[in-house]
Amino acid sequence: AMLPGYDSGVMCLLITALLMLAVNFRHCSTYLKNLPDYLWSVKNRDNAFSPTHTLSETRIVFALALIVCVMEGIIIYSIFPSIVPPGWSAGAGVAIATSVAAFYYVAQLAAYSATGYIFATPRARSLWLKGFNASQSLLTITLTIPALWVLFNPGTAMTVAAIAAVLYLFVRILFICKGFRIFYINSFSLVYFILYLCTLEIAPPLVLFKLARYFAQ
């Protein structure tokens, strides 16, 4: 059977995502330089040296989000190739998995935005959303090599899946730590934070994993 890495549909997805980043590449170094600040900083006020959010940065975040969805789609398809009917191409399988990853990304962004709108100040909400996008940007950087590797070495899918799970868990812990620093005020607020963890950080990945296993059977 032809390796997924030689499928024209998969290559089209990859090229489209990488072209989005290439168009805005000259602003990428500035965003990456500010990435640690977005991942960790919880300053209440901007100062003259704080990174500012520009249209160019928005485009970079969008490009990196597109790439991470494609990389996650590749890894998901490598684990569950039977999510598509027999005879369908690898490109179709990766496209479906990428669509699921993109939907999950947008759903998370909407959920965090709504939660921040209800329970936080506009500044804290902005910091939290920047932290989420920054964590996904970091995941883009770390997942790219494993995802490209499994395209041409599908036999290593489970190993790559384990590596991807560790990387995903690492960036989620960073994001959760930032959220804790933003929202923790007293011991009573800890109850709300635990509810947030169960509702937005634990339940959705478990449900998606169960659904993937169900449709892959």
Side-chain angles (χ1 to χ4, degrees), residues 1-29 31-32 35 56 58-109 132-172 204-217:
M2 184 174 66
L3 294 176
Y6 292 105
D7 185 273
S8 59
V10 176
M11 288 296 103
C12 284
L13 282 172
L14 279 173
I15 291 170
T16 301
L18 293 175
L19 279 177
M20 286 290 298
L21 182 62
V23 169
N24 301 283
F25 189 75
R26 64 192 182 96
H27 303 287
C28 195
S29 60
Y31 176 73
L32 293 178
L35 197 62
S56 298
T58 301
R59 292 197 297 262
I60 292 170
V61 170
F62 177 81
L64 291 172
L66 180 60
I67 293 172
V68 78
C69 290
V70 173
M71 298 306 167
E72 288 172 349
I74 291 170
I75 294 173
I76 292 170
Y77 174 72
S78 71
I79 305 170
F80 303 109
S82 56
I83 59 174
V84 294
W88 284 36
S89 67
V94 172
I96 292 172
T98 298
S99 299
V100 172
F103 174 80
Y104 184 53
Y105 188 105
V106 173
Q108 288 179 101
L109 201 58
F132 171 68
N133 284 322
S135 69
Q136 297 305 294
S137 297
L138 179 61
L139 190 62
T140 303
I141 297 169
T142 55
L143 275 188
T144 298
I145 292 178
L148 294 178
W149 172 267
V150 81
L151 272 181
F152 299 96
N153 299 273
T156 61
M158 298 313 298
T159 301
V160 170
I163 294 171
V166 171
L167 294 173
Y168 181 82
L169 184 62
F170 172 71
V171 299
R172 299 308 288 193
L206 289 178
V207 170
L208 284 176
F209 182 74
K210 292 286 186 180
L211 287 174
R213 291 190 62 184
Y214 173 78
F215 286 111
Q217 290 177 353

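Note that the CG atom of Leu21 and the CZ atom of Arg59 stand 12.0 Å from one another [nearest 0.5 Å]. Rounding to the nearest 0.5 Å gives a distance of 12.5 Å between CD1 of Ile60 and CG of Asn133. Here the CG-CZ distance, from Leu208 to Phe103, works out to 9.0 Å after rounding to the nearest 0.5 Å. To the nearest 0.5 Å, the span separating CE on Met71 from CG on Leu66 amounts to 9.5 Å. A distance of 8.0 Å separates CD of Glu72 from OG1 of Thr140, quoted to the nearest 0.5 Å. Here CG of Asp7 is found 8.0 Å from OH of Tyr77. Values are rounded to the nearest 0.5 Å.
The two residues Val160 and Pro146 make their nearest non-hydrogen contact at CG1-O, 3.6 Å. Here the closest non-hydrogen pair linking Ala102 and Cys69 is CA-SG, 3.5 Å. Heavy atoms only, all atoms of each residue included: Ser78 and Ala157 are closest at O-CB, 3.4 Å. Pro4 approaches Pro154 most closely through the heavy-atom pair CD-CG, 4.3 Å. Looking at every heavy atom in both residues, Ser137 comes nearest to Leu35 through CB-CD1, 4.1 Å. Smallest separation of non-hydrogen atoms from Thr98 and Val70: OG1-CA, 3.7 Å.
Under the side-chain contact (heavy atoms from CB on, under 4.5 Å) test applied with Ile74, the options Val94, Leu13, Leu143 reduce to a single match, Val94.
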Verify side chain to side chain contact (heavy atoms under 4.5 Å, CB included) between Leu3 and Leu151, making sure each step is shown before the conclusion. CA-CA 7 Å; Leu3 294 176; Leu151 272 181; over 6 Å; no

The test is side chain to side chain contact (heavy atoms under 4.5 Å, CB included); show your working for Leu139 and Phe170 and say whether it passes. CA-CA 9 Å; Leu139 190 62; Phe170 172 71; over 6 Å; no

Which is it for Leu148 and Leu14 under the side chain to side chain contact (heavy atoms under 4.5 Å, CB included) test, yes or no, and what are the steps along the way? CA-CA 10 Å; Leu148 294 178; Leu14 279 173; 3.9 Å; yes

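A side-chain donor-acceptor contact under 3.5 Å links Ser89 to the backbone of Ala92.
Other residues, nucleotides and ligands contribute only 12 or fewer heavy atoms inside 6.0 Å of the CD1 atom of Ile145. Other residues, nucleotides and ligands contribute at most 12 non-hydrogen atoms within 6.0 Å of the CE atom of Met158.
Ile141 places a side-chain heavy atom less than 4.5 Å from the side chain of Leu32.
Ring geometry for Tyr105 against Phe132 counts as tilted: the plane angle lies between 30° and 60°, on a 0 to 90° scale.
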